[in-house]
2 protein chains.
Amino acid sequence: MPNTKPLSISRQSLQRMPLYLEHLKKLRADGSSHVSAAFLAAELGLHPVQVRKDLAAVSKVDGNPRVGFALEGLIEDMAEFLGCKNAHEAVVAGVGNLGRALLSYKNFDRYGLSIIAGFDSDPAIIGTTVHDKEIFNVSRLSELCGRFAVHIGIITAPAQFAQDICDAMVLGGIKAIWNFAPVHLNIPDDVIITNENLAASFAALSSRLRQRGEGLGV
Amino acid sequence: MPNTKPLSISRQSLQRMPLYLEHLKKLRADGSSHVSAAFLAAELGLHPVQVRKDLAAVSKVDGNPRVGFALEGLIEDMAEFLGCKNAHEAVVAGVGNLGRALLSYKNFDRYGLSIIAGFDSDPAIIGTTVHDKEIFNVSRLSELCGRFAVHIGIITAPAQFAQDICDAMVLGGIKAIWNFAPVHLNIPDDVIITNENLAASFAALSSRLRQRGEGLGV
DNA sequence: TAGATTGTTAATCGATTAACAATC
DNA sequence: TAGATTGTTAATCGATTAACAATC
């Protein structure tokens, strides 16, 4: 059984997938039935070959010279690939402004993702709901992760609590962590992690701006 | 005048810089005066050579065999590099949950970053303040960007408004955009952009988890 | 048919990692 | 001194881009 598809898709490709899906849906809504890689690439500011490779990685839909790819099949395969059908659930620990924003974020639905509960240590918000999701005491984090059979944990708590929360999540059976706390977390090898550091992103953008400004002698 | 330092630092390096700064400060607070690249690398889960290169790119502090780098100078240079001294200001358009979270985010201070105002179209919140920052009518976006002499714009509005907001920002003199709307924005060449797609990140993490699960036959 | 568009192989580019001599 | 640690050059790795024959 020859394996034509690469076993794993690059992280960068993976990040682009939701953008394709979004744009393909838009094109379909506009009444198109086909799309060429070149067109899609131009719209999204990507390289045409990159687009073709990305599409080939997740879909068996063959492109057609002159007409491009059939939108319908592409959308179906892309949705399938991204797991939009079998929903993926997560919990979020740290219900400050950011946690609250994620609990209320509507775009997750489109990819079959949902945050089903929040955890915090503040008695004032434990027991309340945000966007219809209940907020539990963080002390019950590992217990409830197990009970909910959730495998994705999101950390939006202050840095000093992040490692403890992380440990509790791992104990509760969490296999993937989306970490917004600006610290390096120690995790077992079988748990995957994505670090999302907003301050670092902002600072990096600001530095790029300054570098460019200097380069131009401004 | 030979140019020893590379003109530009890679995007990835740039993203790591705030993490170094954070960790270096922590070490200093713990009473250390020096740190070795190997130690720092282990703490942050990076490669030692990578750390040395990164440090060398922003600091003239020479490492010392046996003792490592002097913390004090390193922190100073890193802070200088990241522009923590001359504060950088931004405005945010779209004061929903996410915009609100960014307006209230405390970690930005540490890098001399601040969001000075918000913009929205909802009459109910125009004129109110969030974390002491006033919310203006989005119709005044370009006017006020110019008046405030702000060069960084953050877009946290729904996707369908993003391009218009972006255009208004560019018109107002914005030179760097941090875009949270899940769409590709068309901008002039002299404006830099960082796209932050939360749904895409979440979806990518979820896909990685699923891929791994399949690989292990779970 | 002619030409737009695909899919694939090879070249390029950039970042990370390995190797190692220099040095405090 | 001996050995930990640096700084740098070369090798590796991975992703993007270029080139081009195949095809509807």
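All values reported here derive from a predicted model rather than from experimental measurement. Here is how names work: the chains are called A, B, and so on, in the same order as the sequence lines, proteins then strands, and each is numbered from 1.
Separating the CG atom of A/L14 from the C1' atom of D/dA15 is a distance of 14 Å, rounded to the nearest angstrom. The distance from atom CD of A/Q12 to atom C1' of C/dA15 is 11 Å, rounded to the nearest whole Å. Summarising the geometry, the separation between CG on B/L40 and P on D/dG7 is reported as 13 Å, rounded to the nearest angstrom. Rounded to whole Å, the distance from NZ on A/K53 to P on C/dA11 is 14 Å. As a whole-Å value, the separation of A/M17 CE from D/dA15 P is 12 Å. The NZ-P distance, from A/K60 to C/dG7, rounds to 14 Å in whole Å. Computed from coordinates, the A/N64 CG to C/dG3 C1' distance equals 15 Å when rounded to whole Å. To the nearest angstrom, C1' of C/dC24 lies 12 Å from NE2 of B/H34.
Scanning all heavy atoms of the two residues, the minimum distance from B/V35 to B/L71 falls at CG1-CD2, 4.1 Å.
A side-chain N or O of B/D167 and one of B/Q163 form a donor-acceptor pair less than 3.5 Å apart. Checked by atom type, the side-chain pair B/S13/B/R16 shows a donor-acceptor distance below 3.5 Å.
In summary, B/K60 and B/D77 do not engage in a salt bridge, as defined by a charged side-chain N under 4.0 Å from a carboxylate O.
The side chain of B/D62 lies closest to D/dG7, out of C/dT16, D/dG7, C/dA18. When distances run from any side-chain atom of B/H47 to the nucleotides C/dA18, C/dA15, D/dT5, the shortest one goes to C/dA18. Here the nucleotide nearest the side chain of B/V49, chosen from D/dT8, C/dG7, C/dT8, is D/dT8.
Nucleotides of DNA chain D nearest to A/P65 and A/R52 differ in position, and the one nearer the 5' end is that of A/R52. Both B/R66 and B/F69 lie close to DNA chain D; mapped to their nearest nucleotides by heavy-atom distance, the more 5′-ward contact belongs to B/R66.
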Steps toward side chain to side chain contact (heavy atoms under 4.5 Å, CB included) verdict (B/E22, B/Y111): CA-CA 10 Å; B/E22 207 62 35; B/Y111 306 103; 2.7 Å; yes

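If you run side chain to side chain contact (heavy atoms under 4.5 Å, CB included) between A/I155 and each of A/L185, A/V92, A/V183, A/I193, only A/L185 comes through.
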Pairing string, 5' to 3', for DNA chain D - Watson-Crick or wobble contacts under 3.5 Å, brackets [ ] where pairs cross, | to another strand: ..||||||||||||||||||||||

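Side-chain contact between B/K175 and B/I192 is absent, with no heavy atoms from C-beta onward closer than 4.5 Å.
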